[in-house]
Each structure stands twice: as C-alpha cells, then as structure tokens.
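Working notes for the structure below.
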Amino acid sequence: MLGMALAALDSTVLATAVPQIVGDLGGFAVFSWLFSGYLLAVTVTLPVYGKLSDTFGRKPILITGIVLFLVGSLACAGAWDMASLIAFRVVQGLGGGALQGTVQTIAADLYPLKERPRIQARLSSVWATSAVAGPALGGLLAAYADWRWIFLVNLPVGAVALWLIGRHFTEPQRSRPGPGARPRVDWPGALAIFACGGLLLTALVQGGVAWAWLSTPSLLLFAGSAGCAAVTVLIERRAAEPIIPGWVWRRRTISAVNLALGALGLLMVAPTVFLPTYAQSVLGLSPTAAGFVLSVMVLSWPVSAALSSHVYNRLGIRRCAMLGIGAAGLVLLAFPLLPYPGAAWQPALIMLALGAALGLFQLPLIIGVQSSVGYRERGTATASILFCRQVGQSLGAALFGALANATLNDRLAHAPSGISTGLPGDLDAVSRALEHPDGLTPQATDYLRRAVDTTVDHVYLGAAAAAALALLALLLAPRHFPVHTDTGGTGEEGGQADA
C-alpha cells in the first residue's frame, strides 16, 4: 500500500503546484508534458513489467520500480529547467509502471479469491485518499515551503516501503529452469512495444493541442505507431517468451475484460478532466470546492468495491460488472438533465452514484481475470488489463477533447451579434475568462457559462456511449468466469472450474 501510495499521490499532489513550478523554471508552453511524459512511461512499461514479474518474480520487479521512482523523484527535486524536470518525470514513470501492475498482481498472489475484494478495496482507498489529500498537500508545500518538496516527500515513504518489502515479503518457491538454462526475455518485443506505445500516446496527447489532428506531425506519428504495431506482432509471434503473448487476446475472459476496461478509460475522462471545469466555470466554485465535487466519486468507489463480493457471489462476475456499468451509463445520462446553473450538491450526488456503480464494475473484472490464470501468467494478465485502461484514457482525452472543442466552437460561432465580439476561442480561454469575468458583460458571461454547460453535457453523453461499449464488450465474456487452481508459485497448475 505504501508503494501504491507513491504512484497514487504523484499526479494529484503535482497538479496544484504547476503555477509555482512554471514561475520558477519557465516552460509554460510544454508544462503539460509533466503529466503526459509520466503517463506515457507508465503505460508503455506496464506490459513489460507484467511479463518480467512472471519471469523473475514480483519482489525484484517491485523493488526495482520503487528505486527507479525514488531516483526520479530525487532528480525532479534538483531539476534546473522545465526540460530536465520533464525528463526526470519520465524516469519516475518508468518506476510507476512497475508499481501499478506489480502491486495489483501481488494482492492476487497473497490473498485467496474470497479475500481479494477486501485487499483490493484497501488498495483503492489509497487512490481515494490521494485524490482528496494530494491537491491540498501540493498546495501547502508550494505555498509555504517549495515545490521541490513535492518530490522529496516521496523519499521517506519509499524508504519505508522498501524496508517493509525487503524484510517481510517472501515469494513462494518458484520452479527452476534446467541446468544451464536461463530465463529468456523478449527485449526486441519490449523495444517494439515502447516505440509503438510512445508514438501512439504522443499523437493522442499532443493532437489538437500542439498541432492539428490532420497536420503532418499527427499523421507521421499515427503512421509510425501503425508500422511499429505491425513489427510488434511479427516479433511477438516468433518470440519464445513474448512480452504480450497471444493467449492474452485468444482467451475470451481476458480479451473481453481488456476491451471493457479500455472503455472504462474512455469513460473516466468525463469526470476527471471536464467536471472540474464545469464546477468552476458553470457553478462558480473555487478550485478546492471543485475538487471536492470530484472527490466524492473516489470515496464511494472503494466502499462499493469492498461490498462487490456480496453481489458477484450471488450473480456471478459478469452479471455484477454488467449491473455496475449499466448503472454507470444511466448516471452519466442523468448529468445533462441537471438544471442550469444548479447547486454543487447535484453534480456531487451524480459523482457519488457513479463511483458506487464503477466499484461494482472494475474490481470484479480484475479479480475475475486474476483468478482465471495461474501464478506464472498472472503478472502478464494483470498488466494487460491495466494497459488497456491507460490506453483507453489517453484515447478518451483525445476524442472527448475534440468533441468539447467542436461543441464549444459551434456555440461561440452562433453567439448573438451583440456579444460575439471579443469572446474567447477555446475551452481553456473560456475557463480563464470566466475565472475573471470583469472584462465581460453580464450577457457574455451568462452565454459562456451556458456554452460550457452544453459542452460538458455532450462529453457526459459521450461517456455514456463508452459505458454502452463496455457493456457490449462484456457480452463477449463467458457467463461463468473460470477459476484457475494452482499451488501458489511452484508452477504446478491444476484444473479449472466455473464460478
């Protein structure tokens, strides 16, 4: 849990300190790469670390991830300009990829099926606590100390995590390769995955921001990622121990969950990216109050996840997940029905219900996939579903960003002639103008608020469509998730039974 806290706190604690960082180091035009670079590194390394944990064991991979994260944190604290800080954030991300996947895998290794909802709910509570405490901690450190302490506070937490893992975590005895045999690692496949994921995520993150979607950089990046994907498939088919084995997509259970959690990544962009804008621009809330409106979702999520075992033990994993994502779709459809301008408790109630619904959806699917494979495949299977969720989130940011800009541009283009002159041109500019509306007439202010309200409504409708895609993906899953029985870490696997 301490290892998970490193990754969970990282993004939330940094967001509120960006103004101080930019004021000290400059680089306003590229500061978004503080987040994008980290996300890219985490995403492209997830499948690699998953395979490595199956090959060499969980403990060395987790320790390597924590050490990399702490080295990156120390380097970030000593950054001398924005370029160096972004580079060191990528190093942090290389460690964060090992943390996210390996911790989830270890939870499945250590706890039997009946106890996994409890421990997974505790891990979810780490993310919930970080979402609430992170922005406040980052703001306090930036305001009363120095933004560099945001990275330095990781060092004692990571040191305690390393000590606890080194002292108390003992893996089951693993089967040894024959005399003279060494574990084989598909390094060409790993490099191909790095290249493919890096090009694709760069295109998705920067498209429509740093350059137009149909511009030469976007087309080159998408073409490069497609070419690397083809090369990756060729390499993985010939590799003795591929990083992403073919069985990940051939097994209905795992492939269906991969698609469903990819759709979840799409869906999550609406509340995490656009709800704070709605709360500040439409409801007129402060950033702290806007953060609270969002945080109620991550408070109900782990509670619902902890109780999900009572549901899926009665209905089955697939039906429980379908119930959760169906309820989430209805909640998302209810958002555009909120009155204008409304009160803060109304979207907060929507987010509370959304978190409860998604707790019934995500956790049973993760547990179902982890339970369907043996010890030697669990790291790869867990990493594959987390990887798909991360890619879905990046794709969602691009798609919903384009949808939001198209909606807002249409509203601005049809503004009444009396207020159309001097209106901002994009969502960020509109949000900044509404933060300081002194330069706007009351009519222009109201029109912009209504335009943002319509924009976010359309994004939530898109998120409801993503929920429908997740529901369709679950129809591909078997009605009864198979349960794989093995002896722990010996590699001697038993049969399968339906549950």
Distance col, row F69:CZ vs L162:CG, nearest 0.5 angstrom, shows 12.0 Å
For A357 and A327 the tightest heavy-atom approach is CB-CB, 3.9 Å
On a heavy-atom basis, the closest approach of V293 and L285 is CG2-CD1, 3.9 Å
For M268, does its backbone N or O pair with a side-chain atom of Q393 as donor and acceptor, under 3.5 Å?
-> no
Do Q362 and L264 have side chains that get closer than 4.5 Å, going by heavy atoms?
-> yes
Working for side chain to side chain contact (heavy atoms under 4.5 Å, CB included), residues F481 and V257 = CA-CA 11 Å; F481 276 46; V257 172; 4.0 Å; yes
Find out whether I385 and L365 are in side-chain contact, i.e. whether some heavy atom of one side chain is under 4.5 Å from a heavy atom of the other.
-> no
Working for side chain to side chain contact (heavy atoms under 4.5 Å, CB included), residues L221 and L200 | CA-CA 7 Å; L221 286 169; L200 176 61; over 6 Å; no
For W249, does the CH2 atom sit with more than 12 other heavy atoms under 6.0 Å from it, leaving out its own atoms?
-> yes
Say whether, by atom type as modelled, one donor and one acceptor occur between the side chain of D54 and the main chain of T380 under 3.5 angstrom.
-> yes
Q390 (side chain) donor-acceptor with V42 (main chain) under 3.5 angstrom = no
Starting from the C-alpha separation in whole Å, work towards a yes-or-no answer on side chain to side chain contact (heavy atoms under 4.5 Å, CB included) for L363 and R116.
-> CA-CA 9 Å; L363 182 58; R116 284 178 197 163; over 6 Å; no
CG on L358 to CD1 on I325, rounded to 0.5 Å | 5.5 Å
State, yes or no, whether a side-chain contact exists between I254 and V373 at a heavy-atom distance under 4.5 Å.
-> yes
Under a 4.5 Å cut-off applied to non-hydrogen side-chain atoms, are V391 and T43 in contact?
-> yes
What side chain to side chain donor-acceptor pair (under 3.5 Å) pairs are there with at least one residue in residues 96-108, not counting sequence neighbours?
-> Q104-Q120
Only pairs at least two apart or in different chains count here, so list each side chain to side chain donor-acceptor pair (under 3.5 Å) that has a residue in residues 260-272.
-> none
Which pair of non-hydrogen atoms, one from G379 and one from S53, has the smallest distance, and what is that distance?
-> CA-OG, 3.7 Å
Donor-acceptor contact present, side-chain Y278 to main-chain D457, <3.5 Å = no
CH2/W33 to CG/L40 distance, rounded to the nearest 0.5 angstrom?
-> 6.0 Å
If you measure from SG on C388 to CG on L261, what distance do you get to the nearest 0.5 Å?
-> 8.0 Å
With a 4.5 Å heavy-atom cut-off, do V273 and F400 have their side chains touching?
-> no
Between CD1 on residue I366 and CG on residue L386, distance to nearest 0.5 Å = 6.0 Å
Minimum heavy-atom distance A404-F274, with the two atoms named | CB-CE2, 3.5 Å
Can you list the residues that meet the ring pair (Phe, Tyr, Trp, His ring centres under 6.0 Å) rule with Y460, with sequence neighbours excluded?
-> F335
Counting N and O atoms only, with roles assigned by atom type, does the side chain of E236 sit under 3.5 Å from a partner on the main chain of I244, one being a donor and the other an acceptor?
-> yes
Got a second to check how far I193's CD1 is from C228's SG, nearest 0.5 Å?
-> 11.0 Å
Look only at the side chain of S371 and the backbone of G368, and say whether a donor-acceptor pair between them is shorter than 3.5 Å.
-> no
Please name the residue in the list Q370, R251, K51 that meets the side chain to side chain donor-acceptor pair (under 3.5 Å) test with E377.
-> R251
Less than 4.5 Å apart, any side-chain heavy atom of R449 and any of P341?
-> no
Under the 6.0 Å and 45° cation-pi test, does R89 pair with F151?
-> no
Step by step, work out the side chain to side chain contact (heavy atoms under 4.5 Å, CB included) result for I367 and Y111.
-> CA-CA 11 Å; I367 291 175; Y111 291 85; over 6 Å; no
Taking all non-hydrogen atoms of both residues, which atom of G50 and which atom of A383 are closest, and how far apart?
-> CA-CB, 3.8 Å
Side-chain donor/acceptor of R252 to backbone N/O of L476, under 3.5 Å = yes
Hey, does the side chain of R389 reach the backbone of G265 with a donor-acceptor pair shorter than 3.5 angstrom?
-> no
For residues V90 and Y38, determine if any side-chain heavy atom of one lies less than 4.5 Å from a side-chain heavy atom of the other.
-> no
Quick one: does T407's side chain have a donor or acceptor within less than 3.5 Å of a partner on T455's backbone?
-> no
Can any side-chain N or O of S281 pair as donor or acceptor with the backbone N or O of T277 at less than 3.5 Å?
-> yes
List the atom of A356, the atom of S300, and the distance in Å for their closest heavy-atom pair.
-> N-OG, 3.3 Å
Does the side chain of T45 reach to within under 4.5 Å of the side chain of F194, using non-hydrogen atoms?
-> yes
